[in-house]
Amino acid sequence: MTTKISESLYWSFFSYGDWNLYIAATDEGLCFVGSQNQPFEELTSWANARYPGRALTQDDKRLQPYAVELTQYLQGNLEHFSIPLVYQGTPFQEAVWRALCDIPYGQTRSYSDIAQRIQKPAAIRAVGSAIGANPILITVPCHRVIGKNGALTGYRGGIDMKTKLLELEKEPHQA
């Protein structure tokens, strides 16, 4: 993964079955996966905060490789994304996001597990905040983080989306 900042920001509307969301990429890779069934404003608000002054350009062809892997994942045919990811956050946030990518498909971890993983065991609340700021849902699998007691807790895409993703990963593979 890279933190290189691109001058271009491209977007597309991704739709597969009940899944409808916006995705965005720089020239270097996927940088945003939106929440299920949220309006375009979710993307524009994020883009204005993270890439101020950069125009969003719709480019379905450029975003096709990302849409293909998201589709394969939602079909239950992909466990590991190979597409390049680009995120920009604080060093702490980026450490948390990298740790999320290490959670195996079909498994979950607690917030305290992630805090331990990044060697900041007392930073459980900060880990939660960093997870909430994850711009690349699904591909940076913050849905795999649950409460220590096993409860499903906050998720930018909503608990319904989190539940669907966790259920998808428990289903037998069709690959």
Hey, can you tell me if Phe81 and Tyr73 have their rings parallel, tilted or perpendicular (30° and 60° cut-offs)?
-> tilted

Could you please spell out the steps behind the salt bridge (charged side-chain N to carboxylate O under 4.0 Å, His left out) verdict for Lys164 and Asp160?
-> CA-CA 6 Å; Lys164 287 179 183 179; Asp160 183 54; 3.6 Å; yes

May I ask you to say whether Glu167 pairs ionically with Lys162, meaning some side-chain N is under 4.0 Å from a carboxylate O?
-> no

Go through Ser12 and Gln58 one step at a time and tell me if the side-chain hydrogen bond (donor to acceptor under 3.5 Å, both in side chains) criterion holds.
-> CA-CA 6 Å; Ser12 183; Gln58 184 172 4; 5.3 Å; no

Taking the side chain as every heavy atom from C-beta outward, state whether Glu94 and Thr90 have any atom pair closer than 4.5 Å.
-> no

Mind checking whether Pro141 and Cys101 have side chains closer than 4.5 Å, heavy atoms only?
-> yes

Steps toward side chain to side chain contact (heavy atoms under 4.5 Å, CB included) verdict (Gln93, Tyr87) | CA-CA 10 Å; Gln93 287 173 325; Tyr87 46 70; over 6 Å; no

Nearest 0.5 Å, what's the CZ-CD distance between Arg144 and Gln107?
-> 9.0 Å

Exercise: do Ser82 and Glu69 side chains pair donor with acceptor under 3.5 Å = yes

Between Tyr10 and the options Asp27, Asp60, Thr57, Thr26, the side chain to side chain donor-acceptor pair (under 3.5 Å) test singles out Asp27

How about Phe32 and Leu21: do any of their side-chain heavy atoms sit closer than 4.5 Å?
-> no

Heavy-atom side-chain proximity of Leu85 to Trp97 below 4.5 angstrom | no

For side chain to side chain contact (heavy atoms under 4.5 Å, CB included), just list the numbers for Leu9 and Cys31, CA-CA rounded to whole Å, side-chain angles, deciding distance to a tenth of an Å, and then say yes or no.
-> CA-CA 9 Å; Leu9 193 56; Cys31 62; 3.5 Å; yes

With a 4.5 Å heavy-atom cut-off, do His143 and Glu169 have their side chains touching?
-> yes

Considering only NZ, NE, NH1 and NH2 on the basic side and carboxylate oxygens on the acidic side, decide whether Asp113 and Arg117 come within less than 4.0 Å.
-> no

Distance in Å, Thr108 OG1 paired with Ile103 CD1, rounded so as to fall on 0.5 Å steps = 8.0 Å

Determine whether Glu28 and Pro84 make a side-chain contact, defined as any pair of heavy atoms from C-beta on separated by less than 4.5 Å.
-> no

Rounded to the nearest 0.5 Å, what separation is found between the CG atom of Leu152 and the CD1 atom of Ile146?
-> 6.5 Å

Side-chain touch Tyr111/Thr153, heavy atoms, less than 4.5 angstrom | yes

Can you find a heavy atom in the side chain of Asn20 that is under 4.5 Å from one in the side chain of Gln36?
-> no

